[in-house]
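To keep things clear, I will list the structure first and then write my remarks on it.
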Amino acid sequence: MTKPDTADNENTDAPPERLDFVRQIVADDCTSGKWDGRVVTRFPPEPNGYLHIGHAKSICLNFGIAAEFGGACHLRFDDTNPVAEEEEYVHSIQQDVRWLGWDWGEHLYFASDYFGQLYEWAVQLVEAGKAYVDDQSAEQVSANRGTLTSPGTDSPYRDRSVEENLDLLTRMKAGEFPDGSRVLRAKIDMASPNVLLRDPVMYRIMHTPHHRTGDAWCIYATYDWAHGQSDSIERVTNSICTLEFENHRPLYDWYLDALGVYHPQQTEFARLNLTYTIMSKRKLLRLVEERLVSGWDDPRLPTIQGLRRRGYTPVAIREFCKTVGVAKFNSTIDVALLEHCLRQDLNKHSPRRMAVLDPIKVVIDNYPEAQVEQLDAINNPEDPSAGTRQTPFSREFYIEREDFMEDPPRKFFRLTPGREVRLRYAYFITCTDVVKDADGNVVELHCTYDPATRGGDSPDGRKVKGTLHWVSAAEAIPAEVRLYDHLFTTEDPEDVAEGEDFTANLNPDSLVTLTGCMLEPSLAAAEPGSRYQFERKGYFCVDPDSAADKPIFNRTVTLKDTWAKLKKKGKTH
RNA sequence: UACCCGGUGGUGUAAUUGGUAACACAGAAGGUUUUGGACCUUCCAUUCCAGGUUCAAGUCCUGGCCGGGUAACCA
């Protein structure tokens with residue numbers, strides 16, 4: 001049986017067959033001896049939110065490279081801004097990285113551990129005349145930065161003496177000045193065509209307690225001032241980040257060169273985009289805050305927690321990340337590829353069960369009233385070692401409402417008056433009568449069965465076109481089943497009319513809750529997190545909300561369904 | 001209008017680094033089947049455009065065109 005959560009995440013993945021451009025750089029560095037054969041990468045999340053599938057791409061890249069080249073990958077929390085950062089996130093991020101199947105070993109770091117070193121280096125830059133304290137307000141700094149097409153203007157405080165700068169910086173650190181009153185800036189070039197080089201801010205004053213350093217500091221390093229130096233301290237070789245940091249690389253290099261310290265190589269790749277999905281932290285937060293989803297672990301979200309609750313496996317996510325590849329082109333991957341990787345893994349490992357989601361009762365008129373037979377069913381045709389189980393069959397059972405049609409189109413192979421079909425692992429049955437209520441709704445079907453077809457084979461070799469799943473009525477376990485679909489109705493959720501935003505594209509049917517579903521009795525002991533294939537319906541897993549007296553299953557993904565496809569295209573005749 | 005980075009089938013990624021476009025997904029057709037699942041077969045691009053170098057260019061050069069990123073005391 002499939003184990004919940006972390007038990008099935010042993011990572012024995014083979015490396016990709018061809019090297020992507022990042023791995024090529026690492027491989028070249030190894031042959032040239034650029035880093036003396038060392039390979040050190042890092043995954044540097046800010047602990048201010050939960051991880052999503054986009055992070056998984058970065059995680060698989062960084063940890064994957066380290067594993068393939070015999071190096072190490074550091075997990076470093078980039079916690080330089082105490083305003084939104086919380087301990088809760090550092091825990092959940094670690095849990096998610098582990099669940100994805102990666103291990104940072106000893107290498108758990110925090111940028112906040114480097115605050116002392118960073119400050120010493122800042123002093124060093126001030127002493128070298130390469131940094132200064134600016135008394136301008138944030139608005140003034142911004143106004144004097146110039147625009148993309150025109151140069152900035154020097155701050156009136158730009159040429160303070162080293163002594164004055166040192167004094168001011170010391171007092172900034174000592175907490176003498178209020179928030180926002182002063183900043184430390186690198187003295188680079190206010191006319192640089194790269195606006196990031198127009199005297200970037202290194203420290204800002206924030207009298208805000210930090211989740212790890214408490215109130216030890218009231219000045220906090222900005223991203224650019226902290227990141228490269230943290231990489232340097234950890235002797236990272238390849239600092240791999242996403243494309244939007246390309247413009248930051250000259251600054252990354254400038255700081256390291258100005259300091260004259262160990263200098264890692266920054267390389268940028270394109271972040272992951274998925275159809276029918278949003279990935280922005282800000283927008284995900286909005287969905288959660290406005291209760292448009294149930295929480296960060298809502299199974300419709302691309303968060304790792306959401307995917308986990310939905311029933312995704314770490315193997316499927318890793319395989320997806322490998323298949324997607326790494327490049328510098330801004331691309332959008334079809335979610336169908338993610339779902340394909342999921343099905344591929346689930347198909348191999350999920351035990352099969354029968355469950356009727358939308359039941360309609362069937363009575364076999366020529367079957368003995370009190371008889372119950374135990375029939376053998378194969379647990380997983382893809383895995384003989386999964387063995388078989390027994391499932392009860394009796395005179396009354398349920399089949400799927402959509403598996404019967406009174407007046408079917410030509411290509412409908414399922415049950416219809418007068419037609420013989422197979423009940424999986426049971427018997428051939430023929431529909432003889434349809435019982436309807438006053439409104440004409442079908443409420444019950446009557447059939448006859450052929451005792452010679454026990455197990456589902458006909459001794460005379462006669463064929464049937466359809467095979468249906470079923471659940472014996474007396475033994476059935478009622479359950480709730482949550483059917484999930486894409487959260488958005490459009491491939492690009494941002495594609496909206498004037499005045500609307502992405503929430504306009506939310507799919508009203510992304511969650512359909514079914515009650516009164518009927519499960520075969522062997523599902524009684526299913527543990528939260530365990531995964532199954534409900535034959536002909538899809539892959540499902542037990543939700544954490546599930547209880548012994550009230551089982552709840554989430555639909556992870558449907559099976560490929562050619563009949564549904566034909567119906568959609570109107571090609572059923 | 002400045003700077004940086006990109007452009008190979010419907011979607012992505014590759015092409016022994018100048019040698020005659022491969023793999024996966026999606027789609028289509030067929031086979032097989034006790035899941036309309038899985039599996040198997042077949043089909044589906046001359047690489048943004050225009051010049052140039054070369055016996056030979058997706059790979060190199062020049063010029064266009066198109067797309068993305070960048071002006072937080074966010075990361």
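Letters A, B, ... are given to chains in the order of the sequence lines, protein chains preceding strands, and every chain is numbered from 1.
Using a 3.5 Å distance cut-off with no hydrogens or angles, the side chains of Asn48(A) and Glu86(A) do not pair a donor with an acceptor. Side-chain contact check for Asn380(A) and Glu382(A): no donor-acceptor pair (N or O, by modelled atom type) lies under 3.5 Å.
Ion pairing between a basic and an acidic side chain is recognised when a charged N comes within 4.0 Å of a carboxylate O; Arg204(A) and Asp179(A) show no such pairing. With respect to Lys283(A) and Glu494(A), a salt bridge is recorded, a charged nitrogen being found less than 4.0 Å from a carboxylate O.
The listed nucleotides are rA26(B), rA14(B), rG36(B); the one nearest the side chain of Ala327(A) is rA14(B). Here the side chain of Glu382(A) is nearest to one of rC73(B), rG37(B), rC25(B), namely rG37(B).
Stacking is not found between Tyr223(A) and the pyrimidine-like six-membered ring of the rA75(B) base under the 5.5 Å centre-distance and 30° plane-angle cut-offs. Ring-base stacking between Phe329(A) and rG7(B) is not satisfied when judged by a centre separation under 5.5 Å and a plane angle under 30°.
Distance Phe534(A) CZ to rG36(B) C1': 20 Å, rounded to the nearest Å. rA72(B) atom C1' lies 15 Å from atom CG of Asp179(A), rounded to whole Å. What separates OH of Tyr89(A) from P of rA75(B) is a distance of 16 Å, to the nearest Å. Across the protein-nucleic acid pair, Phe320(A) atom CZ and rG12(B) atom P stand 12 Å apart, rounded to whole Å.
Here Arg352(A) lies in heavy-atom contact (under 4.0 Å) with a base. At a threshold of 4.0 angstrom between heavy atoms, the contacts of Ser137(A) include nucleobase atoms, whether or not backbone atoms are also involved.
Close placement of the Tyr449(A) and Tyr427(A) rings is indicated, their centers lying within 6.0 Å of each other. Checked against the 6.0 Å centroid threshold, Phe412(A) and Phe404(A) do not count as a close aromatic pair.
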Pairing of RNA chain B as dot-bracket, 5' to 3': ( ) intra-strand, [ ] crossing, | other strand, . unpaired, with Watson-Crick or G-U pairs under 3.5 Å?
.((((((..((((.....[..)))).(((((.......)))))....(((((..]....))))))))))).....
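In terms of position along RNA chain B, the nucleotide closest to Leu19(A) lies nearer the 5' end than the nucleotide closest to the other residue of the pair Leu19(A) and Gln136(A).
Between the side chain of His486(A) and the backbone N or O of Phe488(A), no donor-acceptor pair lies under 3.5 Å.
Between the side chain of Arg414(A) and the base of rG36(B), at least one donor-acceptor pair of N or O atoms lies under 3.5 Å. Counting distance only, with no hydrogens placed and no angle test, the side-chain atoms of Asp334(A) and the base atoms of rG12(B) include no donor-acceptor pair under 3.5 Å. Not a single donor-acceptor pair, N or O on each side, falls under 3.5 Å between the base of rU70(B) and the side chain of Glu244(A).
Only the P atoms considered, rG58(B) is 14 Å distant from rA22(B), to the nearest whole Å. Comparing rA57(B) with rG18(B), their C1' atoms sit 6 Å apart, to the nearest whole Å.
Base orientation of rA26(B): anti (glycosidic angle beyond 90° from 0). In this structure rU35(B) sits in the anti conformation; its chi angle is more than 90° from 0.
Using a 4.0 Å cut-off, some side-chain N or O of Asn81(A) falls inside it from OP1 or OP2 of rC74(B). Contact annotation: Lys537(A) does not reach the phosphate of rG37(B) (side-chain N/O to OP1 or OP2, under 4.0 Å).
At least one cation-pi condition fails for Arg160(A) and Tyr132(A): the charged atom is not both under 6.0 angstrom from the six-membered ring centre and inside a 45 degree cone around its axis.
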